[in-house]
Amino acid sequence: MARTISSAVNSPGNNRCGDSLYARIYATVCQIPRGRVSTYGRIARLVGGCSARQVGYAMASLPAGSRVPWQRVINHKGEISCRKRGDGAGNQRRRLEAENIRFSPKGRIDLKRYGWPIF
DNA sequence: CCTGTGACGTCCC
DNA sequence: TGGGACGCCACAG
């Protein structure tokens, strides 16, 4: 699993101060148990010293096929954030449904029920 | 160096 | 419940 992080940190241009902030974000995301979801803001709070946008940016920078469960990270509305390009949104929903996470008729996730209880 | 932009969040109406 | 305005900060050009 440590290999996982290493792979994730291998993003294009982001190495800051050796101990990259992205690594922290990815590590935190990796701690989200299967069948649970969290929000960008919460991840940012957990990591500390960074804003939700940075978390989103970190997700966007993730290489395809990374072991980081980026799909479990959604916005505070409980919806899958629409990315600028790519069909990742549909892919994300499909992955979440594969984890028994149910979506509301409007395509939302009940954070009360599926939200990561920790922190 | 300066500007635009974005997988966000909170506040207000 | 829903939508708009503002704030936020790193990254790319």
Side-chain angles (χ1 to χ4, degrees):
Chain A
M1 287 307 183
R3 194 175 184 174
T4 302
I5 310 282
S6 301
S7 183
V9 176
N10 200 3
S11 307
N14 61 22
N15 226 13
R16 300 173 49 91
C17 303
D19 195 45
S20 97
L21 176 62
Y22 281 44
R24 298 251 176 179
I25 296 174
Y26 297 144
T28 303
V29 174
C30 286
Q31 288 173 35
I32 302 176
R34 180 183 171 284
R36 290 285 179 270
V37 296
S38 189
T39 65
Y40 297 94
R42 271 192 184 175
I43 300 299
R45 282 286 182 173
L46 278 172
V47 174
C50 70
S51 61
R53 274 199 182 269
Q54 293 179 252
V55 176
Y57 216 93
M59 295 300 110
S61 295
L62 271 174
S66 70
R67 310 276 191 271
V68 180
W70 54 270
Q71 54 220 38
R72 295 173 190 157
V73 184
I74 58 180
N75 59 23
H76 79 285
K77 291 179 287 189
E79 237 291 317
I80 296 176
S81 298
C82 295
R83 44 204 51 91
K84 191 66 176 178
R85 290 184 67 186
D87 56 339
N91 191 0
Q92 181 171 6
R93 172 161 181 163
R94 178 141 176 352
R95 284 171 182 255
L96 290 174
E97 287 176 334
E99 297 184 358
N100 290 327
I101 293 178
R102 299 182 183 179
F103 282 77
S104 300
K106 295 174 183 175
R108 282 178 169 174
I109 299 175
D110 186 3
L111 289 173
K112 298 285 185 182
R113 178 168 163 74
Y114 299 103
W116 190 21
I118 306 177
F119 305 109

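Below, chain A is the first sequence line, B the second, and so on; all start at residue 1.
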**Request:** Would you mind reading off the distance between R108(A) atom CZ and dG2(C) atom P, rounded to a whole angstrom?
**Result:** 6 Å
**Asked** dG9(B), dT1(C), dA7(B): which one has an atom nearest the side-chain heavy atoms of K106(A)?
**Response** dT1(C)
**Message:** Checking contacts here: which listed nucleotide (dG2(C), dA7(B), dG9(B)) is nearest the side-chain heavy atoms of N75(A)?
**Reply:** dG9(B)
**Request:** Please tell me if the side chains of F103(A) and I109(A) come closer than 4.5 Å, counting only heavy atoms from C-beta onward.
**Result:** yes
**Item:** Between C1' of dG9(B) and CD1 of I74(A), the distance in whole Å
**Value:** 14 Å
**Item:** Any V68(A) side-chain heavy atom under 4.5 Å of C30(A) side chain
**Value:** yes
**Prompt:** Could you state the OH-C1' distance from Y22(A) to dC9(C), rounded to the nearest angstrom?
**Reply:** 10 Å
**Asked** Are side-chain heavy atoms of M59(A) and Y40(A) found at a separation under 4.5 Å?
**Response** yes
**Item:** Value in whole Å for how far the P atom of dT10(B) lies from CZ of R42(A)
**Value:** 10 Å
**Fill in**
Ranking dA7(B), dC11(C), dG9(B) by distance to the side chain of M59(A), first place goes to dA7(B)
**Message:** Just the rounded figure in Å: distance from P of dC8(C) to CD1 of I43(A).
**Reply:** 22 Å
**Message:** Nearest whole Å is fine: how far is dG4(C) P from K77(A) NZ?
**Reply:** 11 Å
**Prompt:** With respect to I32(A), which candidate in Q71(A), R72(A), R42(A) satisfies the side chain to side chain contact (heavy atoms under 4.5 Å, CB included) definition?
**Reply:** R72(A)
**Asked** Mapping Q54(A) and G41(A) to their closest nucleotides on DNA chain B, which lands nearer the 5' end?
**Response** Q54(A)
**Message:** Can you tell whether the side chains of E97(A) and R93(A) come within less than 4.0 Å, N to carboxylate O?
**Reply:** yes
**Prompt:** From the list dG9(B), dG2(C), dC11(C), which nucleotide is the closest neighbour of the side chain of H76(A)?
**Reply:** dG9(B)
**Length of the line joining R45(A):CZ and dC8(C):P, which is rounded to integer Å** = 14 Å
**Asked** Out of dG2(C), dC9(C), dA7(B), which has the shortest distance to the side chain of A60(A)?
**Response** dA7(B)
**Request:** Tell whether Y40(A) reaches the base of dA7(B) with its side chain through a donor-acceptor pair below 3.5 angstrom.
**Result:** yes
